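These notes concern the structure reproduced below.
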Amino acid sequence: MVNLGTKIGKLQLKNPVMAASGTFGPEYGELIDVNKLGAYIAKTITLNARIGNPPPRVCDTPSGMLNSIGLENGGLDDFIKNKLPPLKRLKIPLIASIAGDDAGEFKELTRGLSKSGKIEALEINLSCPNVKHGKRDFLIAQDEEATYETIEAVRRSTTLTIIAKLSPNVTDIKKVARAAERAGADALSLINTLVGMAIDIDTKRPVLGNITGGLSGPAIKPIALRMVREAYKSTRIPIVGIGGVMDYKDAVEFILCGASAIQVGTANFINPAASIEIIDGIKDYMAKNNIREIKKLTGALKT
Ligand SMILES: Cc1cc2nc3c(=O)[nH]c(=O)nc-3n(C[C@H](O)[C@H](O)[C@H](O)COP(=O)(O)O)c2cc1C
């Protein structure tokens with residue numbers, strides 16, 4: 001028997017595999033047993049409804065995809081009234097994901113979700129590359145001070161586990177990782193997508209309606225692994241690895257680099273059962289290699 005149990009802040013997960021925010025809606029419940037996952041992460045919500053970016057919003061790229069959804073969602077009230085009730089029936093921990101224009105919005109979202117019941121953790125999306133937040137022309141996760149200020153505001157507003165979701169669109173991930181830790185984040189998740197473009201040479205136009213989009217999938221895995229390792233070595237809080245996890249081998253690579261858990265995004269669009277197969281694959285890998293506790297694998301990279 002192998003033990004896949006892992007801890008993210010106060011969250012005790014029965015296994016380290018989650019589906020990434022925005023890539024796995026409740027409709028997946030018709031295709032797979034969602035209760036087999038370590039936890040369920042909802043799509044990012046904002047305080048007020050957002051209509052998202054103009055189409056086309058997704059396109060294929062070599063070994064990946066670009067998306068520019070732009071955080072389309074019905075806002076906090078819609079989430080609590082319409083989206084949350086069916087999610088409350090899940091038997092696994094529920095993580096909500098939030099984004100805002102300023103610390104005040106993050107606080108309001110945090111307070112609203114903290115008293116709604118069932119939600120055990122908040123993933124703070126500091127890193128969506130497809131939206132413009134208020135007057136700011138940079139992502140929160142691109143700035144140490146803005147990261148600190150946002151996470152501190154959330155920390156003061158809740159006792160729920162806080163996971164700060166970081167951006168790869170930075171020069172030094174270590175600085176932002178430390179700022180989030182200092183401000184009271186219980187864990188870090190990384191990476192969100194990398195800003196990219198695709199061009200149609202016949203129309204001479206960008207393929208995406210928003211011109212740029214976020215690159216995800218296997219193409220970003222090497223960058224994600226490097227950043228997870230850097231974040232792991234420069235902080236003391238658990239790391240959730242994200243970026244191009246397509247199978248159990250990718251997941252094990254992230255765990256060796258220091259991840260206590262992983263998220264599966266783009267793979268869900270190709271194979272809705274990817275996350276479940278990854279859980280089984282990790283289990284087999286551990287059994288074959290005589291590893292009883294997954295915790296022993298975290299950061300076990302030999303260099
Ligand atoms: C279509 C799409 C929508 C996404 N929406 C969100 C979102 O709402 N919130 C968020 O934090 N990340 C969002 N992401 C980013 C993913 O959660 C993840 O960080 C990223 O795709 C990298 O993982 P992957 O390579 O496994 O896809 C989205 C990604 C895609 C492809």
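Note that the structure is predicted; figures quoted are calculated from it, not measured. One-based numbering, in listed order, for ligands and for the atoms of each.
Taking atom 15 (C) of ligand 1 as the reference point, the nearest protein heavy-atom neighbour is Asn192 OD1, 3.5 Å. Annotation: atom 3 (C) of ligand 1 to nearest protein heavy atom, Gly22 O, 3.4 Å. In terms of protein heavy-atom proximity, atom 19 (O) of ligand 1 is closest to Lys165 NZ, 3.0 Å. Scanning the protein for heavy atoms near atom 9 (N) of ligand 1, the closest one is Thr44 OG1, 2.6 Å. Remark: minimum distance from atom 21 (O) of ligand 1 to any protein heavy atom is reached at Ser216 CB, 3.3 Å. Among protein heavy atoms, atom 26 (O) of ligand 1 sits closest to Gly265 N, 3.0 Å. Atom 31 (C) of ligand 1 has Asn67 ND2, 3.5 Å as its closest protein atom, hydrogens excluded (heavy atom only).
A 4.5 Å side-chain heavy-atom check between Thr44 and Asn73 finds every atom pair outside the cut-off.
Taking each heavy atom of Asn192 and Ser127 in turn, the nearest pair found is ND2-OG, 3.0 Å. Here the shortest heavy-atom pairing between Leu190 and Ile173 reads CD1-CG1, 4.0 Å. Between Glu72 and Ile51 the shortest heavy-atom distance is CG-O, 3.8 Å.
The shortest N/O to N/O separation between Asn125 and ligand 1 falls below 3.5 Å. At under 3.5 Å, not a single nitrogen or oxygen of Ala267, backbone or side chain, sits near a nitrogen or oxygen of ligand 1. At a 3.5 angstrom cut-off on N or O pairs, Ile191 counts as close to ligand 1. Taking any N or O of Lys43, backbone or side chain, at least one lies under 3.5 Å from an N or O belonging to ligand 1. At a 3.5 angstrom cut-off on N or O pairs, Ser21 counts as close to ligand 1. Considering backbone and side-chain atoms alike, Gly244 places an N or O below 3.5 Å from some N or O of ligand 1. Considering backbone and side-chain N/O of Leu71, none are found under 3.5 Å from N/O of ligand 1.
Inspection of the Ser114 and Thr158 side chains reveals an N or O donor paired with an N or O acceptor under 3.5 Å. Side chains of Ser21 and Glu123: no donor on one and acceptor on the other come within 3.5 Å. A donor atom on one side chain and an acceptor atom on the other are not found under 3.5 Å apart for Ser260 and Thr6.
Tyr148 meets the ring pair (Phe, Tyr, Trp, His ring centres under 6.0 Å) test with no other residue; sequence neighbours excluded. Take Arg292 and apply the side chain to side chain contact (heavy atoms under 4.5 Å, CB included) test, not counting sequence neighbours, and it matches no residue.
Atom numbering of ligand 1 starts at 1 in the shown order; those under 4.0 Å from a heavy atom of Gly243 are 23 (O), 25 (O). Proximity to Ile220 (heavy-atom distance under 4.0 Å) selects the following atoms of ligand 1: 22 (C), 25 (O). Counting atoms of ligand 1 from 1 in the listed order, those under 4.0 Å from a heavy atom of Thr193 are 20 (C), 21 (O). Residue contact check: Ile242 has heavy atoms under 4.0 Å from atoms 18 (C), 19 (O), 22 (C), 23 (O) of ligand 1. Within ligand 1, counting atoms from 1 as listed, the ones closer than 4.0 Å to a heavy atom of Thr23 are 29 (C), 30 (C).
Between Lys7 and Asp186 there is no salt bridge, since no side-chain N of the basic residue sits under 4.0 Å from a carboxylate O of the acidic one. Ion pair Glu253/Lys249 not flagged as a salt bridge, since none of the NZ, NE, NH1 or NH2 atoms sits closer than 4.0 Å to an Asp/Glu carboxylate oxygen.
Under the 4.5 Å side-chain heavy-atom criterion for grouping Ile, Leu, Val, Met, Phe, Trp and Tyr, Tyr40 is connected to Phe79 within one hydrophobic cluster.
Of all the listed residues (Val240, Ile98, Ile45, Thr266), Thr266 holds the heavy atom that lies closest to atom 27 (O) of ligand 1.
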